[in-house]
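To start, the structure under review is shown below, and the notes come after it.
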Amino acid sequence: MQAFFFDQDGILYDSMPKHARAWAQVMQAHGYDFSEEDCFMNEGRTGKDVIREAIWELEHREATEDEIWDIYEEKGRAFVAQGEVGPIEGVIDVLRFLKKNKKDIWVVTGSAQASLLDNLNTKIGPFFDRTRMVTAFDVTHGKPDPEPYLKAWDKSKQPKKDCCVIENAPLGVRSAKAAGLHTIAVNTGPLADIALWNEGADQVFASMSDLLSWLKENI
Ligand code: MG
């Protein structure tokens, strides 16, 4: 394997609990029925898609671009207000190992959160290159559509068999498997492993240190 496609939230950043609180707080303030658990179930989708769907379900109408961005910005502020986020435990060792072994490190995320995207190299470590990122700004259809991972694969110029996705979310696994890529799930959140297996994950690890052990034996 040569190219490793990392999801961002819940894989690089330990950010999901704060995202979940921010989403629930802002959506409920707007009258939408959206819990923290809904956030974990929707993880991977772009914020835009989450808001569009919530408005459709409650009001049976298409959301306007303006209201989508207003709510998304509000959610972004509610997220930032909860303080700094750090890396997922053990992920820096994984990244360091891959870098040492001259592997390509990619970020493939539905996020448009500038406070996270723009600070990967300062908050996680010097592993990232803006030309090796696919974000919410780069795709028409976010996860669970295969487009984000297909785009990263296409840009990587590697055969699919040499690519590997690292995901924590069921819909992220669905996206990666629909793109035809080997997908390792690391279950860093509150959902049961079965939610990841059910989407077709090739492997499910409980922690980054388990993933690192596997990489050391297999790379
Ligand atoms: Mg994630």
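Both counts, for ligands and for their atoms, begin at 1 and track the order of listing. Values below: all heavy atoms of this structure, side chains included; hydrogens, waters and symmetry mates excluded.
For the Mg ion (ligand 1), the set of nearby N, O or S atoms under 2.8 Å includes none belonging to T109. Between the Mg ion (ligand 1) and E167 there is no N/O/S contact shorter than 2.8 Å.
Remark: D33 CG is loosely packed, at most 12 non-hydrogen atoms of other residues, nucleotides or ligands lying under 6.0 Å away.
When rounded to 10 degrees, the angle formed at the Mg ion (ligand 1) by OD1 (N168) and OD2 (D7) equals 90°.
The atom of D9 that is an N, O or S and sits closest to the Mg ion (ligand 1) is O. Looking at E43, its N, O or S atom nearest to the Mg ion (ligand 1) turns out to be OE2.
Side chain of N119 to main chain of S115: a donor-acceptor pair is present (N/O by atom type, distance under 3.5 Å, no hydrogens or angles).
Taking the six-membered ring for Trp and thresholds of 30 and 60 degrees, F5 and W106 have ring planes more than 60 degrees apart, a perpendicular arrangement. Classified by interplanar angle (parallel below 30°, tilted 30° to 60°, perpendicular above 60°), the ring pair H182/W214 is parallel.
Remark: K75 is positioned above the aromatic ring of F79, its terminal NZ or CZ atom under 6.0 angstrom from the ring centre and at most 45 degrees off the axis.
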